[in-house]
Amino acid sequence: MVNLPTVKAHNATLKSALRPGIVAVFVGGTSGIALSTALALARYTLSPKIYLIGRNQSAANSAISTMKSINPSATLTFLKADISRLKNVDSVCAEILAKEKTLNLLFMTPGYLTTRGRDETAEGLDRKFVLHYYARMRFVANLLPLLTAAAQDTTLGSSRLSRVVSVFDPRAGVRIGGTGKLDYSDLSLKHTFTLGKCGAHASIMGNFFLEGMAQKHPLTSFLHAYPSGVNTGLLRDSPVTSAVFSVLLKPFMVPIEESGERHLFAATSGRFPSKAEGEGIQKNVDVAIGSDGTKGNGSYWVSWDGEVFSPNRKLERVRAEGAVDKVAQHTEEVFRTMCEEGRTYP
Ligand SMILES: NC(=O)c1ccc[n+]([C@@H]2O[C@H](COP(=O)([O-])OP(=O)(O)OC[C@H]3O[C@@H](n4cnc5c(N)ncnc54)[C@H](OP(=O)(O)O)[C@@H]3O)[C@@H](O)[C@H]2O)c1
Ligand SMILES: *[C@@H]1O[C@H](CO)[C@@H](O)[C@H](O)[C@H]1NC(C)=O
Ligand SMILES: *[C@@H]1O[C@H](CO)[C@@H](O)[C@H](O)[C@H]1NC(C)=O
């Protein structure tokens with residue numbers, strides 16, 4: 001475990017380690033873990049440019065005024081969008097691409113907890129599945145040119161941060177008896193949806209899509225992170241109250257401010273280098289083991305405490321089935337159908 005003082009000491013180095021003007025996008029940044037991480041970034045860096053993406057205007061206004069008071073040199077922008085539609089993801093990304101030449105951090109948490117079943121969007125996918133997986137991966141695909149440009153910017157010296165962090169749960173498919181299997185005949189769960197399968201597919205597909213990205217884009221590092229229990233707005237649409245949630249999960253709860261500090265650590269620490277950086281690093285340096293078991297390989301499945309999960313037999317079996325390629329192919333097909341051809345899926 002990386003203890004909290006170590007996390008805070010690292011974060012306190014960011015004012016000198018990163019050059020002023022770091023650019024960060026927080027998808028889901030109006031609330032919860034992404035907001036707490038954005039607040040920590042505002043506190044610990046010099047003149048950051050921070051984009052928040054979500055739907056709630058009043059939450060965004062209050063987040064922005066808080067960040068302004070923490071750091072008057074920050075540039076803060078709210079991009080209002082319902083990203084359960086991939087078309088809207090594309091419009092928001094187009095706005096960012098028009099304004100920025102580089103992107104140092106893409107941080108993503110959108111989603112919600114529900115006991116309701118499949119809820120189909122006009123594009124033909126389940127809303128929750130889109131927020132946990134498809135929309136996030138579309139952000140990655142769209143913004144990769146900016147992330148790559150950040151890594152290549154030679155004016156940045158040692159502060160060429162280029163990182164993607166998706167906060168969900170790399171283990172959701174294998175916890176509490178989960179088989180860890182992907183249903184390749186129905187990856188989008190159009191025909192065989194259950195809430196359990198939806199969580200498992202979003203988790204496992206996220207794992208392997210990001211692992212594939214790390215192979216293809218060696219200048220950027222990719223993290224899939226598990227936050228443990230954090231008392232956020234996550235339960236606003238759920239019958240379970242946050243009081244009940246907090247009691248049930250008490251031993252696993254992380255205070256929201258600590259969660260922000262810890263996710264800022266995950267988003268900036270040298271423990272999680274890109275594949276290209278990892279290749280240049282000496283074996284004895286404190287670098288995390290990548291998701292495929294190779295140290296510093298650019299893709300990491302990280303737990304709430306800053307440590308990567310130990311290898312999992314079920315997930316290794318899924319990789320051996322060719323999950324990296326199969327998931328990428330399916331996801332690209334979904335993107336093509338909806339975003340380029342403007343059709344519903346399938
Ligand atoms: N908190 C926990 O205990 C916990 C535990 C395990 C895993 N996780 C995972 O961690 C992630 C983050 O959780 P959190 O606790 O930070 O949740 P949260 O406080 O509910 O934040 C979720 C964010 O997603 C945004 N969002 C939801 N639907 C959207 C839509 N259609 N379009 C645009 N934005 C949308 C919300 O913004 P708007 O309302 O402004 O749209 C909100 O800012 C989730 O994926 C969750 O599954 C959380
Ligand atoms: C928007 O955010 C505010 C402030 O956080 C909250 O009180 C309100 O319930 C939210 N509105 C919706 C529709 O979620
Ligand atoms: C990790 O390294 C191995 C060996 O170099 C390579 O085969 C594998 O594709 C790499 N994985 C990633 C995610 O880069």
Side-chain angles (χ1 to χ4, degrees), residues 25-40 51-66 78-93 107-114 119-123 125-139 165-173 175-176 195 198-203 206 223-238 240-260 262-263 266 301-305:
V25 168
F26 290 89
V27 183
T30 50
S31 160
I33 295 161
L35 173 57
S36 182
T37 307
L39 292 169
Y51 289 86
L52 302 181
I53 298 171
R55 294 161 304 172
N56 189 328
Q57 182 75 53
S58 69
N61 292 346
S62 105
I64 283 179
S65 75
T66 308
F78 174 52
L79 298 176
K80 184 175 171 164
D82 178 349
I83 58 162
S84 64
R85 302 280 193 94
L86 294 185
K87 246 178 46 194
N88 297 343
V89 173
D90 284 0
S91 336
V92 185
C93 289
F107 191 94
M108 303 179 288
T109 63
Y112 57 93
L113 213 65
T114 179
D119 175 10
E120 192 155 307
T121 69
E123 291 175 328
L125 293 172
D126 173 66
R127 184 177 311 280
K128 182 180 164 90
F129 197 175
V130 173
L131 292 170
H132 287 159
Y133 177 69
Y134 293 101
R136 297 182 185 205
M137 301 308 123
R138 186 69 181 169
F139 271 102
V165 181
S166 180
V167 180
F168 185 58
D169 181 3
R171 279 292 196 267
R175 278 184 211 285
I176 30 180
L195 278 177
C198 181
H201 271 218
S203 167
L223 275 64
H224 185 177
Y226 174 63
S228 195
V230 187
N231 195 350
T232 62
L234 190 65
L235 300 158
R236 64 176 83 75
D237 295 329
S238 151
V240 187
T241 66
S242 64
V244 171
F245 181 74
S246 305
V247 170
L248 287 177
L249 290 180
K250 196 156 189 262
F252 310 105
M253 292 305 285
V254 179
I256 183 75
E257 269 198 38
E258 172 172 345
S259 185
R262 287 189 171 280
H263 284 94
W301 300 342
V302 184
S303 190
W304 71 275
D305 63 354

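For ligands, and for the atoms within them, numbers begin at 1 and follow the listed sequence. For this chain, numbers begin at 1 and follow the sequence in order. Since the structure is predicted, the reported quantities are computational estimates derived from the model, not experimental observations.
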Side-chain heavy atoms of Glu123 within contact of Leu86, under 4.5 Å | yes

Measure up the Phe168 and His132 rings against each other and bin them: parallel (under 30°), tilted (30 to 60°), perpendicular (over 60°).
-> tilted

Do Thr37 and Phe26 come close enough that some side-chain heavy atom pair is under 4.5 Å?
-> yes

Here the atoms of ligand 1 under 4.0 Å from any heavy atom belonging to Thr232 are 1 (N), 14 (P), 15 (O), 17 (O), 19 (O)

Give the contacting part of Ser228 toward ligand 1: side chain, backbone, both or neither, where contact means a heavy-atom distance below 4.0 Å.
-> backbone

Give a yes or no on whether a salt bridge exists between Asp305 and Arg262, defined as a side-chain N under 4.0 angstrom from a carboxylate O.
-> no

For atom CD of Glu257, decide whether the heavy atoms of other residues, nucleotides or ligands shown that lie under 6.0 angstrom number more than 12.
-> no

Contact (N/O only, under 3.5 Å) between Val230 and ligand 1 | yes

In terms of atom number and element, which parts of ligand 1 are under 4.0 angstrom from non-hydrogen atoms of Asn56?
-> 38 (P), 40 (O)

Winner among Asp82, Thr30, Leu113, Asn88 once heavy atoms are compared against atom 37 (O) of ligand 1 | Thr30

Structural part of His132 in contact with ligand 1, heavy atom criterion under 4.0 angstrom | side chain

State, yes or no, whether a side-chain contact exists between Val167 and Tyr226 at a heavy-atom distance under 4.5 Å.
-> no

Output yes when the distance from some N or O of ligand 1 to some N or O of Ile33 is under 3.5 Å, and no in every other case.
-> yes

List every atom of ligand 2 that sits less than 4.0 Å from any heavy atom of Ser58, numbering the atoms from 1 in the order shown and giving each element.
-> 1 (C), 2 (O), 3 (C)

Less than 3.5 Å between some nitrogen or oxygen of Leu131 and one of ligand 1, yes or no?
-> no

With a cut-off of 4.0 Å, which atoms of ligand 1 are near a heavy atom of Val167?
-> 10 (O), 11 (C), 45 (O)

With heavy atoms and a 4.0 Å threshold, my read on which part of Leu35 contacts ligand 1 is neither

Gly32 heavy atoms within 4.0 Å reach ligand 1 at atoms 16 (O), 19 (O)

Heavy-atom proximity to atom 33 (C) of ligand 1 ranks first, among Ser166, Ala59, Ala81, Ser36, for Ala81

Ligand-residue contact atoms, ligand 2 with Asn56, heavy atoms, under 4.0 Å | 1 (C), 2 (O), 3 (C), 8 (C), 10 (C), 11 (N), 12 (C), 14 (O)

Taking only Lys NZ, Arg NE, NH1 and NH2, and the carboxylate oxygens of Asp or Glu, determine whether Arg138 and Asp90 approach each other closer than 4.0 Å.
-> yes

Just jot down the ligand 1 atoms closer than 4.0 angstrom to any heavy atom of Phe168, in number order.
-> 7 (C), 45 (O), 47 (O)

With the side chain counted from C-beta on, respond yes when Trp304 and Pro227 share a heavy-atom pair under 4.5 Å apart, and no when they do not.
-> no

State the OG-CG distance between Ser84 and Leu131, to the nearest 0.5 angstrom.
-> 5.5 Å

Side chains of Arg127 and Thr121: is there a donor and an acceptor less than 3.5 Å apart?
-> no

Based purely on interatomic distance, does Arg136 place a nitrogen or oxygen under 3.5 Å from a nitrogen or oxygen of ligand 1?
-> yes

Does any non-hydrogen side-chain atom of Arg55 lie less than 4.5 Å from one of Thr30?
-> no

Close-contact set for ligand 1 against Ser31 heavy atoms, below 4.0 Å | 18 (P), 19 (O), 21 (O), 42 (C), 43 (O)

Sub-4.5 Å side-chain heavy-atom contact between Ser166 and Leu223 = no

List every atom of ligand 1 that sits less than 4.0 Å from any heavy atom of Gly28, numbering the atoms from 1 in the order shown and giving each element.
-> 23 (C), 24 (O), 25 (C), 42 (C), 43 (O)

Those atoms of ligand 1 less than 4.0 Å from some heavy atom in Gly229 | 3 (O)

Part of Met108 with heavy atoms under 4.0 Å of ligand 1, whether side chain, backbone, both or neither = neither

